[in-house]
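All ligand and atom numbering here is 1-based and tracks the order in the structure.
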Amino acid sequence: MMRKIGAIAASAVLAGLIILCQAGCIALRKGIDDGMETSGDAAAREGWMVIIDAGHGGVDAGKVGVNGEEEKDINLNISLKIKKLLEEQGVKVKMTRNDDDRLAESQIEDLKARVSIMNKEKPDLVVSIHQNSYHEETVRGAQVFYYTDSAQSERAAELIQAAFREADPGNTKKAKGNSTYYILKKTEVPVVIAECGFLSNREEAAKLADEEYQQEMAEAAAKGVMRYLEGE
Ligand SMILES: [Zn+2]
């Protein structure tokens, strides 16, 4: 009888130990998960941050439109509009430039300075705003480029491209991967280059110089960015 009670007691102790151990493991596992979540979602909890990079500036006009409009000015106008729209959504926005001045004397130093800001600030996403140009006048439509080796960059590009196409049903362009553009290659956070249209196309160049159309492009870009941040 005593031996049986002893055996029952021993089993009970053993069972208790197993339960304790499992609970301990679950607690430990949860701690690990929480820890990972804290580092991964910290930005989302504290608020998203996006860098808008208005390409070119100063003596570097970028592409010049068939109408004489300079890319650097269109880039800055659209970038400032995206900044405002994202801030209205509670997103913290940093600009690589707020005025006409580029960041350094030479083009390569300018690009290095932009990349250095991006890598230092570590935003959730960088959107570099540019305008395109092509030797065939008929080519038109906003197009977004992503870094080929980054799934996040690709997803952001797809979402912004889709928003551009919603805003301009005539646009048949698709998001495109690239592994050689300096900004895509050197930036350590997800980055996309949004070419909002072709300055070599007469109709599109005229639209890109128009403030209302710039606002439409900015709204599309901001919509794509929000969809990316919200994980849609
Ligand atoms: Zn450009």
Query - Partners meeting side-chain hydrogen bond (donor to acceptor under 3.5 Å, both in side chains) with T180 (sequence neighbours left out) - result: N178
Query raised in the report: Does a salt bridge link D53 with R114, judged by any charged N lying under 4.0 Å from a carboxylate O?
Result: yes
Report summary line: Applying side-chain contact (heavy atoms from CB on, under 4.5 Å) to D99 and not counting sequence neighbours gives D101
**Report entry** Criterion side-chain hydrogen bond (donor to acceptor under 3.5 Å, both in side chains) on Q215 and E219, from CA distance to verdict
**Finding:** CA-CA 6 Å; Q215 182 66 24; E219 278 169 16; 3.0 Å; yes
Query raised in the report: Any sub-3.5 Å donor-acceptor pair from Q161's side-chain atoms to K173's backbone N or O?
Result: yes
Report summary line: Shell check on the Zn ion (ligand 1): protein N, O or S atoms less than 2.8 Å away are H56 NE2, E71 OE2, H130 ND1
Report task. Name all residues meeting the side-chain hydrogen bond (donor to acceptor under 3.5 Å, both in side chains) criterion together with D168; count only those two or more places apart in sequence or in a different chain, and write none if there are none. Result -> R140
